[in-house]
Structures are given as C-alpha cells and as structure tokens.
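Below: one structure, written as structure tokens.
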Amino acid sequence: FPSAAANLCPGAEQKVVFITARVHPGETPSSFVCQGIIDFLVSQHPIAKVLRDHLVFKIAPMLNPDGVYLGNYRCSLMGFDLNRHWANPSPWAHPTLHGVKQLIIDMYNNPKINLEFYIDIHAHSTMMNGFMYGNIFEDEERFQRQAVFPKLLCQNAEDFSYSSTSFNRDAVKAGTGRRFLGGLLNDTSYCYTLEVSFYSYMLDGPTSTIPYTEEAYMKLGRNVARTFLDYYKLNSLVERPLAATPKTR
C-alpha cells in the first residue's frame, strides 16, 4: 500500500486476525469465501482502509496444496487428514500445517502481538447457509464473548445462520485447528470454523432456497471482513462519500 499504516511499523502493537482455508482440498467453496475476504481487504473500499489501519490480517488460503493439485477430497498427498494433526504436526509429513502452527505460536509468544481471531474456512456437504463452530469453555463470560462475532456476522450476511452455529468439544474434533488453538491461546483469542454449504442457502425458511454461486461465496467473504468493523467498533472512522453539491441556476 502507498503509505504504511501505524500498526505495521516496527515495534508497533498489532491485533492479528489469522485466517486459513482449504485444509480439505475438496471443499472448493472455502477458496471462494477466502478470495472474497482477500479481495475486499486489499481494495480501496473505505471500510477496508480502516481495517488495514487497525488490524493485521494473516491469511493462508490453501493449507493443503498437494491435495488440491491431486484432486483429493479430504487428504494430503500422503493420505493425511491435516485437520486432525494440529496437536503435533510433522515438518516432513504435514509441512504446511507445521509452518502455520509455528507462525501462530511465534505470534502468540510475542508480547507486541495480540492474536485475537483464528478462523478456518470449510464447506459443508449436508447443511445449508453459512454458519460457525466455536469452542466450549468453563468460563461463562468467555463463552458468551465468543458468540459476539457470529451474531454480528448474522446481521451483516443474509446467508449466515446463527441458529445453525454451534459450540462443541467433541473428541473426534480434538485435532482440528479450531479445537487445538482454542485450548492453546489465551482467553482474549477466539477460534472458529467457518462452514458454508456446498449448494444452497435459505432466506425465509425451507421454501426459499437459493443456490450458491461463486459470487455469493465471495460476498460471504466480504461480509466476514466487514464484520470486524462492527466487532471493533470502528464504524465512526469510515470516510463517508461527500454529498453532491446542489447545482445553482
């Protein structure tokens, strides 16, 4: 960008949002949602400018590039479901996961960095709409704070369903990014899986289902990015377009 934001200067404190996608190579909608996030954040939209000035976004758009290249549905070149190996990824067998996890841990240990969000984007083959999975915590206040972002996203995205959003700690999901990082990071960090349907979303009940398109997936991504403006209460900083000057006769 032409002028570096204050939060990118050496030594500045940073609020970081870390986003990953396509850990399951067959879940192609996750790439379109991630593309929508990226395209919006690098645009000249007034909201994007405010977000870049106040937050640092780290995005790994394809955690399973070899699986995608091979056309696999769920596993990597070596047959691993990478989203079950966050606890102890091997630099040899799970190199992308190992690298991303190490970067996240390094940021977590840096006193100048506040890693506030981790969002892993997936696609769902049986449910409709976009929705999220979050974690369960013994601390009730932390549990309630975790619900804020999906509630705000529900207000911004017509295809996002808060009623389908759920919070769990199923044993089978223990090795996922959301579960592992939710247990690793401190109580000011929020970790989610963002799911989006492979096929449709509902607006006014099951009688009005609308097929997803690439553009609709990217729109959901744009709405995810915009929701950070509401979450951090930065709305007042967005430049409003000047009102047209009335012409005099």
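- Qualifying side-chain contact (heavy atoms from CB on, under 4.5 Å) partners for Pro65, counting only residues two or more places apart in sequence or in other chains: Met62, Thr96.
- Within the structure, the salt bridge (Lys or Arg N to Asp or Glu O under 4.0 Å) test picks out the following pairs touching residues 216-227 (sequence neighbours left out): Glu215-Arg222.
- In this structure, the ring of Phe228 has its center less than 6.0 angstrom from the ring center of Phe117.
- Under the salt bridge (charged side-chain N to carboxylate O under 4.0 Å, His left out) criterion, Asp81 pairs with Arg74, not counting sequence neighbours.
- Contacts of Asn114 classified as side-chain hydrogen bond (donor to acceptor under 3.5 Å, both in side chains), with partners at least two apart in sequence or in another chain: none.
- Evaluation of the side-chain contact (heavy atoms from CB on, under 4.5 Å) rule for Pro29 yields Ala123, Val196, Phe198, Tyr217 as partners, not counting sequence neighbours.
- For the side-chain contact (heavy atoms from CB on, under 4.5 Å) test, residues two or more places apart in sequence or in another chain that qualify with His85 are Phe80, His94, Leu97.
- Under the side-chain hydrogen bond (donor to acceptor under 3.5 Å, both in side chains) criterion, Ser31 pairs with Arg22, not counting sequence neighbours.
- Shown here are the side-chain hydrogen bond (donor to acceptor under 3.5 Å, both in side chains) partners of Gln146, two or more places apart in sequence or in another chain: there are none.
- In this structure, the ring of His124 has its center less than 6.0 angstrom from the ring center of Phe131.
- Annotation: side-chain contact (heavy atoms from CB on, under 4.5 Å) contacts of Asp106 (sequence neighbours excluded): Gln102.
- In this structure, Phe149 has its ring center at least 6.0 angstrom away from the ring center of Tyr190.
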Side-chain donor-acceptor contacts of residues 11-21 below 3.5 Å, not counting sequence neighbours, with atom names and distances?
from, atom 1, to, atom 2, distance (Å)
Gln14, NE2, Asn7, O, 3.2
Thr20, OG1, Tyr118, OH, 2.8
Thr20, OG1, Asp120, OD1, 2.7

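- Take Tyr108 and apply the ring pair (Phe, Tyr, Trp, His ring centres under 6.0 Å) test, not counting sequence neighbours, and it matches no residue.
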Below 3.5 Å, can you tabulate the donor-acceptor pairs from side chains in residues 151-158 to any protein atom, sequence neighbours excluded?
from, atom 1, to, atom 2, distance (Å)
Asn156, ND2, Thr227, OG1, 3.0
Asn156, ND2, Asp230, OD2, 2.8

